[in-house]
Amino acid sequence: MALRLGDEAPNFTAETTEGSINFHEWLGDGWGILFSHPKDYTPVCTTELGAMAKLNDEFKKRNVKVLAISVDPLDSHKGWVNDINETQGCTVGYPIIADPEKKVANLYDMIHPNALDNMTVRSVFVIGPDKKLKLTLTYPASCGRNFDELLRVIDSLQLTAKHKVATPVNWKDGEDCIITPAVTDAEIPSLFPKGHRVVKPYLRYTPQPNK
Ligand code: BEZ
């Protein structure tokens, strides 16, 4: 059965471009992103892994470890990383899992045979410090993902894990948040001392609490 939000991220041991890792041990008590790409030495994947390399410091700032995967073998990954660095003007500073036997790909249901034969589609899993899945995304091979959106989601996930807010459409870090319906009007002044505004009884905004 497909993995769902709130499920524990399945653990595994795998070979990567940075050595063998046990996923849960490697995550430690921080956040993680596991993302699959269909194939090495392909154009869209090259741009994606380059973009992720350039954003890696932003993920590190947020205590998020990045891990890529495809069903290609290790020597292929290692050769291709040189191409990514050369063509995208970056240094890939995160591990890439070599999964030629598709163990991890199958564990995470990353192979969708009706869409792409025998390769992983573009899956993303965001894992919280409790090892639970906080976000899943599935894109087709033809469409490169927006990794800025992953940073935006991480900002929202980390904020809403600590404060009783949700984030509205197209929210970005620093913008007003929505007070969750479970908070009563009486609780608002103590929980949100920066103030609030009521548009409808169910639509209440407050400045971002952790800024
Ligand atoms: C690509 O990354 O360009 C790609 C990979 C597999 C199928 C189609 C495109």
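Hydrogens, waters and symmetry mates are skipped; everything else that's a heavy atom, side chains included, is used. Just so you know, ligand 1 is whichever comes first in the structure, and atom 1 is the first atom listed for that ligand. Bear in mind that the values here come from a model prediction, so they are computed numbers and not experimental data.
- Atoms of ligand 1 lying under 4.0 Å from at least one heavy atom of Val44, given by number and element, are 1 (C), 2 (O), 3 (O).
- When each atom of ligand 1 is checked for a heavy atom of Cys45 under 4.0 Å away, the hits are 1 (C), 2 (O).
- Salt-bridge formation is not detected for the pair Lys172/Asp155: no Lys NZ or Arg NE/NH1/NH2 atom is positioned less than 4.0 Å from an Asp or Glu carboxylate oxygen.
- For atom 9 (C) of ligand 1, the nearest protein heavy atom (residue, atom name, distance) is Ala141 O, 4.0 Å.
- The N/O atoms of Lys39, backbone and side chain alike, include none that comes under 3.5 Å of an N/O atom in ligand 1.
- The ring of Phe59 has its center no closer than 6.0 angstrom to the ring center of Tyr94.
- Protein heavy atom closest to atom 6 (C) of ligand 1, with residue, atom name and distance, is Pro38 CB, 3.7 Å.
- Contact of the Leu74 side chain with the Thr17 side chain is registered, since non-hydrogen atoms from C-beta on lie closer than 4.5 Å.
- Side-chain atoms of Glu48 never come within 3.5 Å of backbone atoms of Gly144 as a donor-acceptor pair (strictly under, hydrogens ignored).
- Contact detail for His37 and Cys45: the closest heavy-atom pair is CB-SG, 3.7 Å.
- Among all non-hydrogen protein atoms, the one lying nearest atom 4 (C) of ligand 1 is Arg122 NH2, 3.6 Å.
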